[in-house]
Amino acid sequence: MHKWRTLSITKPTMKAAWWKEAVVYQIYPRSFMDSNGDGIGDINGITQKLDYLKDLGVDVLWLSPIFESPDDDNGYDISDYCAIMEKFGTMEDFDHLLDQAHEKGLKIILDLVVNHTSDEHRWFQSSRSDRNSPYRDFYFWREEQPSNWLSFFGGEAWEYDAETSAYYLHLFSKKQPDLNWENETVRQEVYEMMHFWLKKGVDGFRMDVIPMISKYLNFPYIDTNDFVGAIENTYTNGPRLHEFLSEMNKQVLSHYDIMSMGEGIGIKPEQGNLYTDPDRKELQMIYHFDHMSLDWGKGGKFDPQEWKLTDFKRIFREWHQELGDKGWITTFLDNHDFPRMVSRFGNDVDYRELSAKLLATLLCTLRGTPCFYQGSEIGMTNVAFESVDQYRDIESVNKIKEYEQSNGDLEMLKPILQKVSRDNARTPMQWSDEMHGGFSTAQTTWIDSNPNYLKINVEANLTTENSVLHYYKSAIQLRKNHPTLVYGDFLEYAQESESLYLYRRWDSNGDYLILLNFSDELHALPEEVKAIAQTEKLLGNYLKESEKEGIIRPWEALVYRINPTD
Ligand code: ISL
Ligand code: CA
């Protein structure tokens, strides 16, 4: 009966840290809350909602970029790192937000976007206008086009600039020239800017495309049919990457008790510890994309493929094994760059609430710091925009243009956009059933709301006992009350199942069993799991107990504590 108690209980070797125990909540400021009725979310809007966030139980708020920017890529193209975007408010507004957040025990981390700047940044302006400018070498200028690199947002990554008769590198849009980290002054400028925010009391950074800051200076040719391969083998993990990160750690990060979370694009499990092993003194954690990129077919992100639970499980298993008790990851299932998690990994039609709750259970019981994206806590879904004119994201807009130019049938593109566009995650937060979901009092907002706000909104969730929101609160509290869910080891059952994700988290403080059914069907639990006796149920997403024993219902999520036996 108790054969599964044979797990050898070892002393936990994983070091404790507040940022491992924390739950992160990502805010996309322009879509969170509009305080002044201009149709764009803003900083004061966030301040208004701090009590809501506190009540949800999250600890750290990651704000997508709030800095001055011409907004070519929604603020990921920064023209002044130390100024606030006018649309979002003022520096006083930000100081007030930080102050209020701290008063409530919430931390705030900012988006550090230093692989590139905006082309409207004064460094680039000077660099472009004068070949002898001290800023010339802040970017990559070449007389001839060095290679065939492609940009993430379509087209070539080397752009010819007539003003200065040379090519510059931009891995993202033309308005996002890549910074040359080889230049020591660039690095010093970045570190100084980081100190500026940290001295203000900011609690850390999420670091945008950080694996790309060191470039292979021969810019090797890529296979243009394999963009994913180009990212993994050529664009990321350049020769001086770890040297730069150690330097940043030494000069900046190590001076504060803060969170550093790298966007782990292109990082494979075996490289995880190079970034996050504490002994190496670089970053605390990274979030890898391996489970998110499953739909990147040959043609890139716009070639959606189905994902498989066995791949998903294998990815987390491999990361877990590779990191061991050293490095650390952030876990996430969506953010502002991806479709909504309930639409992608759950079933947003027949089991929206159950599957949204299941996904929350997963993130709150996996090893890694969970990072939730705004709106997931009420089960917000992808949006089915009827017209391509409703898209705002540069990636989607460029794709639409490309289709138009090649006489592609836009009707064919529509269902793809509805599935993969980043705008799925960028529609306004749904606070109530009022106009624009209570996000704004403006007649029109910068992007249309998802019409399902009439049903899916915070207010309705607050007043319904079994809502997704209330479940989120319980799942987050569960993680906080049981540190084994943070630090414990990880053991899986039924690895080959395409429907069931069943695992155990355990250490000398406790032993937990997590059962998740990722399917619309009822399943029998494997014998080895049924044999685990004497358990206490801590969390479940169905109201009533199942009448049959040993089965798990569609999208059912269960967390048990396994009682110690003697
Ligand atoms: O969303 C993607 C493209 O389909 C991702 O590949 C994304 O471009 C990549 O993860 C980098 O993301 C970050 O940097 C970009 C910015 O557009 C994203 O919003 C940001 O998260 C450039 O700064
Ligand atoms: Ca506003």
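For the numbers below, each heavy atom of this structure counts, side chains included, while hydrogens, waters and symmetry mates do not. Counting starts at 1 for both ligands and their atoms, following the listed order.
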Identify the residue among Glu247, Gln271, Glu282 that makes a side-chain contact (heavy atoms from CB on, under 4.5 Å) with His242.
-> Glu282
Could you tell me whether Phe227 approaches ligand 1 through its side chain, its backbone, both or neither, with non-hydrogen atoms closer than 4.0 Å?
-> neither
Pair Asp448 + Arg392: basic N to acidic O under 4.0 Å | no
Aromatic plane relationship, Trp431 with Tyr52 - under 30° parallel, 30 to 60° tilted, over 60° perpendicular = perpendicular
Any idea which atoms of ligand 1 are less than 4.0 Å away from a heavy-atom of Phe153?
-> 17 (O)
Is the distance between the ring centroids of Trp62 and Tyr25 under 6.0 Å?
-> no
Which ligand 1 atoms are under 4.0 Å away from a heavy-atom of Phe152?
-> 6 (O), 8 (O)
Parallel under 30°, tilted from 30 to 60°, perpendicular over 60°: which one fits the rings of Trp149 and Trp158?
-> tilted
Side chain Asn233, main chain Gly229, donor-acceptor under 3.5 Å | yes
Are the aromatic rings of Phe94 and Phe88 close, with centres under 6.0 Å apart?
-> no
Main-chain N/O of Ile231 paired to Thr236 side chain as donor or acceptor, under 3.5 Å = yes
Which ligand 1 atoms, with their elements, are less than 4.0 angstrom from a heavy-atom of His116?
-> 22 (C), 23 (O)
Give the atoms of ligand 1, by number and element, whose distance to some non-hydrogen atom of Phe289 is under 4.0 Å.
-> 10 (O)
Any atoms of ligand 1 less than 4.0 Å from a non-hydrogen atom of Ile265? List them with their elements.
-> 9 (C), 10 (O)
Identify which of Val209, Asp73, Asp208, Asn74 has a heavy atom lying nearest to atom 20 (C) of ligand 1.
-> Asp208
Ignoring waters, protein N/O/S atoms under 3.0 Å from the Ca ion (ligand 2) are Asp34 OD1, Asn36 OD1, Asp38 OD1, Ile40 O, Asp42 OD2
Subset of ligand 1 atoms that lie under 4.0 Å from at least one heavy atom of His336 | 18 (C), 19 (O), 20 (C), 21 (O)
What are the two closest non-hydrogen atoms of Tyr216 and Gly238, and how far apart are they?
-> CE1-CA, 3.7 Å
Any chance the side chains of Asn115 and Asp178 put a donor and an acceptor closer than 3.5 Å?
-> yes
Could you establish whether Phe338 and ligand 1 come within less than 4.0 Å of each other, counting only heavy atoms on the residue side?
-> no
In ligand 1, which numbered atoms sit nearer than 4.0 Å to a non-hydrogen atom of Glu395?
-> 2 (C), 3 (C), 4 (O)
Min heavy-atom dist Arg206 to ligand 1 below 4.0 Å = yes
Provide the number and element of each atom of ligand 1 under 4.0 Å from a heavy atom of Arg422.
-> 1 (O), 2 (C), 8 (O), 16 (C), 17 (O), 18 (C), 19 (O)
Indicate the ring-plane relationship of His291 and Phe312, choosing parallel, tilted or perpendicular according to the 30° and 60° boundaries.
-> perpendicular
Do Lys399 and Glu402 sit within salt-bridge range, that is, some charged N less than 4.0 Å from a carboxylate O?
-> yes
